[in-house]
2 protein chains.
Amino acid sequence: MHYKELIKTIKERREVLQVTQEGLAELAGVGLRTLKQFESGKGNPTLLTLHKISDVLGMEVCLRIKNVTHTK
Amino acid sequence: MHYKELIKTIKERREVLQVTQEGLAELAGVGLRTLKQFESGKGNPTLLTLHKISDVLGMEVCLRIKNVTHTK
DNA sequence: CTTTATAGTGCATTATAAAGCATTATTTCA
DNA sequence: TGAAATAATGCTTTATAATGCACTATAAAG
């Protein structure tokens, strides 16, 4: 999952759950500015920040073996 | 995946691939100190750092819906 | 044991994430 | 339309991640 995809996932999930950035930031216990920074593709959140945000959205950070099959 | 699990995953993967911290740090383009910090459970890496490390190990960071089934 | 390779830690510096506040841009909807 | 809600951005401060270097600890091999 590339950075952009992570962002997209979070953003979509937040929207599906009908939560505003403000709401999510509050629930997750991260600064609103930090969340905005992240969702707008700027910045480079720490694992902890990403975890807190994901957690509230019912998601979790994980590591997966990369699929390296280059099926054209 | 909790923080400890992420660490364990990375560490195990590195060992399976027979790479030293020094080798991995170099390949991933992160400071040796940073990798050590991470693997020894201290610190809170940025997404970029985690990505660089995972990448070299053939893994990727992803977000997954949490399994919230509390089957006792 | 002693040597050698690898991993962990203390200390210091630099870069940057986290955060708040004020402001502007954009979207939404009555 | 235009008002209200939501999102984005500039500026600034504070906390801390990233880093290097030197040193210690541990493990593996002779």
Side-chain angles (χ1 to χ4, degrees), chain A residues 1-70, chain B residues 1-70:
Chain A
M1 242 175 161
H2 295 297
Y3 187 58
K4 302 254 175 180
E5 294 179 73
L6 291 177
I7 295 176
K8 195 158 164 264
T9 303
I10 292 288
K11 208 165 177 170
E12 284 176 357
R13 181 87 175 156
R14 179 175 64 74
E15 280 156 3
V16 165
L17 298 178
Q18 303 246 22
V19 189
T20 62
Q21 289 181 336
E22 207 167 307
L24 176 53
E26 179 131 359
L27 288 168
V30 306
L32 175 57
R33 192 61 217 270
T34 301
L35 178 62
K36 284 178 183 301
Q37 200 91 260
F38 173 55
E39 278 198 11
S40 62
K42 285 131 196 169
N44 173 27
T46 62
L47 186 52
L48 183 56
T49 295
L50 185 58
H51 174 266
K52 288 196 274 192
I53 293 171
S54 309
D55 203 42
V56 166
L57 295 173
M59 310 188 77
E60 62 177 2
V61 179
C62 66
L63 287 174
R64 186 169 55 187
I65 304 282
K66 259 190 296 188
N67 183 354
V68 82
T69 316
H70 20 166
Chain B
M1 240 175 162
H2 295 296
Y3 187 59
K4 301 256 176 179
E5 294 179 72
L6 291 176
I7 295 176
K8 195 157 162 263
T9 303
I10 293 288
K11 209 165 177 170
E12 284 176 356
R13 181 86 174 158
R14 178 175 66 74
E15 279 156 4
V16 165
L17 298 178
Q18 303 248 18
V19 190
T20 62
Q21 290 181 336
E22 207 166 308
L24 176 54
E26 179 132 358
L27 288 168
V30 305
L32 176 56
R33 192 61 219 271
T34 302
L35 179 62
K36 283 178 183 301
Q37 200 92 259
F38 173 54
E39 279 199 9
S40 63
K42 285 132 197 167
N44 173 26
T46 61
L47 186 52
L48 184 57
T49 294
L50 185 58
H51 174 265
K52 288 196 274 193
I53 294 171
S54 309
D55 203 43
V56 166
L57 296 174
M59 309 189 79
E60 61 176 1
V61 179
C62 66
L63 287 175
R64 188 169 53 188
I65 305 280
K66 259 190 298 187
N67 184 354
V68 84
T69 317
H70 20 163

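Naming convention: chains lettered A, B, ... in sequence-line order (proteins, then strands); numbering from 1 in each chain.
Nearest approach of P45(B) to F38(B), heavy atoms of both residues: CG-CD1, 3.7 Å. Pairing each heavy atom of V61(A) with each of S54(A), the nearest pair is CG2-OG, 4.1 Å.
I53(A) places its CD1 atom 12 Å from the C1' atom of dA17(C), with the value rounded to the nearest Å.
Proximity of S40(B) to the phosphate of dT9(C): a side-chain N or O atom is located under 4.0 Å from OP1 or OP2. Within the 4.0 Å cut-off from OP1 or OP2 of dG8(C), not a single side-chain nitrogen or oxygen of K42(B) is found.
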Subject >> Pair I53(B)-R14(B), side chain to side chain contact (heavy atoms under 4.5 Å, CB included): steps then yes or no >> reply: CA-CA 10 Å; I53(B) 294 171; R14(B) 178 175 66 74; over 6 Å; no
**OP:** List the steps, then state whether side chain to side chain contact (heavy atoms under 4.5 Å, CB included) holds for M1(A) with T9(A).
**Re:** CA-CA 10 Å; M1(A) 242 175 161; T9(A) 303; 3.1 Å; yes
**OP:** Take D55(A) and K66(B), measure what side chain to side chain contact (heavy atoms under 4.5 Å, CB included) needs, and give me the verdict at the end.
**Re:** CA-CA 8 Å; D55(A) 203 42; K66(B) 259 190 298 187; 2.5 Å; yes
**OP:** Applying side chain to side chain contact (heavy atoms under 4.5 Å, CB included), run through T46(A) and L47(B) and close with a yes or a no.
**Re:** CA-CA 6 Å; T46(A) 62; L47(B) 186 52; over 6 Å; no
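Summarising the local packing, CD of E5(A) is surrounded by more than 12 heavy atoms from other residues, nucleotides or ligands at distances under 6.0 Å.
If you check residues 17-26 of chain B against DNA chain C, the residues with a heavy atom closer than 4.0 Å are T20(B), Q21(B), listed by number. Remark: K11(B), R14(B) in residues 3-15 of chain B come within less than 4.0 Å of DNA chain C through at least one heavy atom.
Q21(A) CD to E15(A) CD: the interatomic distance, rounded to the nearest 0.5 Å, is 8.5 Å. Separating the CG atom in L24(A) from the CD1 atom in I10(A) is a distance of 7.5 Å, to the nearest 0.5 Å. The structure places CG of L50(B) at 12.5 Å from OG1 of T34(B), a figure rounded to the nearest 0.5 Å.
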Sub-3.5 Å pairs of nitrogen or oxygen atoms, protein against nucleotides 18-25 of chain D:
| from | atom 1 | to | atom 2 | distance (Å) |
| --- | --- | --- | --- | --- |
| dA18(D) | OP1 | T46(B) | N | 2.9 |
| dA18(D) | OP1 | T46(B) | OG1 | 3.0 |
| dA18(D) | OP1 | T49(B) | OG1 | 2.5 |
| dT19(D) | OP2 | G31(B) | N | 2.8 |
| dT19(D) | OP2 | T34(B) | OG1 | 2.7 |
| dG20(D) | O6 | R33(B) | NH1 | 2.9 |

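Base-pair partner of dG30(D): dC1(C) (Watson-Crick or G-U wobble, both distances under 3.5 Å).
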